[in-house]
Amino acid sequence: MKKSNHPFHLVDPSPWPLTGSIGAMTMTSGMVMWFHMKNPTLMMLGITILLLTMIQWWRDIVREGTYQGKHTIKVTNGLKWGMILFIISEIFFFISFFWAFFHSSLAPTIEIGMAWPPKGIKTFNPMDIPLLNTTILLSSGITITWAHHSIMNKNHNQTVSGLFLTVTLGIYFTILQAYEYLESPFTISDSVYGSCFFMATGFHGIHVIIGTTFLLVCLIRTMKFHFSSKHHFGFEAAAWYWHFVDVVWLFLYISIYWWGS
């Protein structure tokens with residue numbers, strides 16, 4: 001391996017940005033075909049290209065950080081700031097949905113009957129599945145913190161146990177959310193309530209799936225001894241993301257499921 005006289009990582013030429021762009025263009029073009037021509041083939045091809053790109057791109061990053069020693073303290077600090085700014089951008093993404101929800105609910109217009117929830121909308125019982133899902137996500141916040149402290153204390157077995165429990169709780173949450181959607185008495189096209197509800201909870205659900213995937217990869221990497229007590233930013237970034245998902249759900253539960261119903 002070449003030695004350098006600076007702590008920065010000069011990234012090697014990579015084909016993955018190009019294949020990722022091709023995959024994104026193929027997927028979005030395929031979505032248009034799916035919507036208008038009911039043919040999902042091109043969209044599925046685009047998704048396949050994106051998945052293959054992600055697997056190989058992140059494989060290269062794992063190799064650089066774990067085996068080649070290119071993630072120095074300076075590089076890791078840059079990655080931390082990148083993750084912090086990404087989470088801030090995600091916060092503002094969800095603020096837009098809460099803004100739409102409160103704009104419509106605090107001053108209901110005549111078009112929706114000047115009432116909230118709009119007339120004809122039968123809302124979910126906040127003490128039913130939503131409360132169970134809240135308990136699951138809060139519990140997962142505890143287990144991921146347990147895993148984080150275990151990795152810092154060099155306790156490999158407890159790190160694996162904490163991550164495994166967190167991934168299991170994430171999958172359980174997603175299954176319950178899917179069941180709730182299947183049993184929903186309203187759809188995304190049922191007034192502004194349906195639009196706000198499914199956009200906010202749906203995007204949160206996608207973030208739970210992404211976060212669960214992050215943590216599953218971290219679990220596999222932990223079992224392969226990729227992390228040490230001082231060099232585990234991949235895990236730390238996933239933990240930050242998961243805590244963000246937890247906090248967003250608390251706001252969703254309080255405002256949309258409980259107050260909004």
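Quantities reported herein were computed from a predicted structural model and do not represent experimental measurements. Keep in mind that the numbers below use all heavy atoms, side chains included, and drop hydrogens, waters and symmetry copies.
The local environment of CZ in F198 is crowded, with over 12 non-hydrogen atoms from other residues, nucleotides or ligands closer than 6.0 Å. Other residues, nucleotides and ligands contribute only 12 or fewer heavy atoms inside 6.0 Å of the CE atom of M223. Residue L106 places its CG atom among more than 12 non-hydrogen atoms of other residues, nucleotides or ligands, all under 6.0 Å distant. When the shell of 6.0 Å around CH2 of W259 is examined, it contains more than 12 heavy atoms from other residues, nucleotides or ligands. Atom NE2 of H156 has more than 12 neighbouring heavy atoms from other residues, nucleotides or ligands inside a 6.0 Å radius. Few gaps surround OH on Y181; more than 12 heavy atoms of other groups in view lie less than 6.0 Å from it. By the neighbour-count criterion of 12 heavy atoms within 6.0 Å, atom CE of M127 is densely surrounded, having more than that number from other residues, nucleotides or ligands. The environment of F98 atom CZ is dense: over 12 non-hydrogen atoms of other residues, nucleotides or ligands sit within 6.0 angstrom.
Y193 approaches G260 most closely through the heavy-atom pair CE1-O, 3.9 Å. Nearest approach of I188 to S195, heavy atoms of both residues: O-OG, 3.1 Å. Counting all heavy atoms, side chain and backbone alike, G170 lies closest to T212 at CA-OG1, 3.8 Å. Closest non-hydrogen pair, K122 versus F186, comes out as O-CD2, 3.4 Å. Among all heavy-atom pairs drawn from A238 and C218, the shortest one is CB-SG, 3.8 Å. Across W146 and S161, no two heavy atoms sit closer than the pair CH2-CB, 3.7 Å.
A distance-only check finds no donor-acceptor pair linking the side chain of S229 to the backbone of I151 [under 3.5 Å]. In this structure, H226 contributes its side chain and T222 its backbone to no donor-acceptor pair below 3.5 Å. Checking side-chain atoms of H231 against main-chain N and O of T66 turns up no donor-acceptor pair under 3.5 Å. Y253 places a side-chain N or O within 3.5 Å of a backbone atom of P126 that can act as its donor or acceptor partner. S29 places no side-chain N or O within 3.5 Å of a backbone atom of T26 that could act as its donor or acceptor partner. Side chain of Q56 to backbone of L52: a donor-acceptor contact under 3.5 angstrom is found.
Counting heavy atoms from C-beta outward, I121 and P118 have side chains that approach closer than 4.5 Å. For the pair F173 and L137, the minimum side-chain heavy-atom distance is below 4.5 Å. Residues H71 and I61 meet the side-chain proximity criterion, which asks for heavy atoms closer than 4.5 Å. Inter-residue side-chain proximity for Y172 and L132 is flagged as met; some heavy-atom pair is nearer than 4.5 Å. Side-chain contact between E90 and Y241: present, with at least one pair of heavy atoms (C-beta onward) separated by less than 4.5 Å. K74 has its side chain out of reach of H9: every pair of non-hydrogen atoms, C-beta onward, lies at least 4.5 Å apart. For the pair M43/F35, no side-chain contact is recorded, criterion being any heavy-atom separation below 4.5 Å from C-beta on. Residues W116 and S104 have side chains in contact (heavy-atom distance under 4.5 Å, counting atoms from C-beta outward).
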Original post:
Between V75 and T72, does a side chain to side chain contact (heavy atoms under 4.5 Å, CB included) hold up when you go through it step by step?
Top reply: CA-CA 5 Å; V75 172; T72 60; 3.4 Å; yes
**OP:** Given side chain to side chain contact (heavy atoms under 4.5 Å, CB included), test I144 with H243 step by step and report yes or no.
**Re:** CA-CA 9 Å; I144 193 67; H243 287 307; 3.6 Å; yes
Original post:
Would K70 and V11 count as a side chain to side chain contact (heavy atoms under 4.5 Å, CB included) if you check the C-alpha gap in whole Å, the side-chain angles of each, and the deciding distance to 0.1 Å?
Top reply: CA-CA 9 Å; K70 292 183 177 179; V11 183; over 6 Å; no
Subject >> side chain to side chain contact (heavy atoms under 4.5 Å, CB included) assessment of I256 paired with C196 >> reply: CA-CA 9 Å; I256 295 179; C196 288; 5.7 Å; no
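Put simply, CG on N133 and CG on L252 are 11.0 Å apart, with the number rounded to the nearest 0.5 Å. Atom-to-atom distance recorded for H148:NE2 and N153:CG is 10.0 Å, nearest 0.5 angstrom. Atom CD of E236 sits about 10.5 Å away from atom CZ of F227, to the nearest 0.5 Å. T174 contributes atom OG1, which lies 9.5 Å from atom CD1 of I136 (distance to the nearest 0.5 angstrom). The distance from the CE atom of M27 to the CG atom of L42 is 11.0 Å, given to the nearest 0.5 Å. Note that CG of L219 and CZ of F214 are 15.5 Å apart. Values are rounded to the nearest 0.5 Å.
Criterion: ILVMFWY side-chain heavy atoms under 4.5 Å apart, direct or through other members. Under it, M83 and V248 are part of a common hydrophobic cluster. The hydrophobic clustering, which links ILVMFWY residues whose side-chain heavy atoms are closer than 4.5 Å, places F197 and M199 together. When the side chains of ILVMFWY residues are joined at heavy-atom separations under 4.5 Å, either directly or via intervening members, F235 and I142 end up in two distinct hydrophobic clusters. Both F203 and I95 sit in one connected hydrophobic cluster of ILVMFWY residues. Membership requires side-chain heavy atoms under 4.5 Å apart, directly or through other members. Note on V208: it clusters hydrophobically with I129, by side-chain heavy-atom contacts below 4.5 Å among ILVMFWY residues.
For W240 and F233, the ring centers sit closer than 6.0 Å to each other.
Counting only N and O atoms by type, the side chains of W242 and S140 include a donor and acceptor under 3.5 Å apart. The closest side-chain donor-acceptor pair between H204 and Q177, if any, does not fall under 3.5 angstrom.
Remark: of the listed residues F97, F94, F86, F94 is the sole one forming a ring pair (Phe, Tyr, Trp, His ring centres under 6.0 Å) with H207.
The side-chain hydrogen bond (donor to acceptor under 3.5 Å, both in side chains) check on Y257 picks up E180, with sequence neighbours excluded. Qualifying salt bridge (charged side-chain N to carboxylate O under 4.0 Å, His left out) partners for R63, counting only residues two or more places apart in sequence or in other chains: D60.
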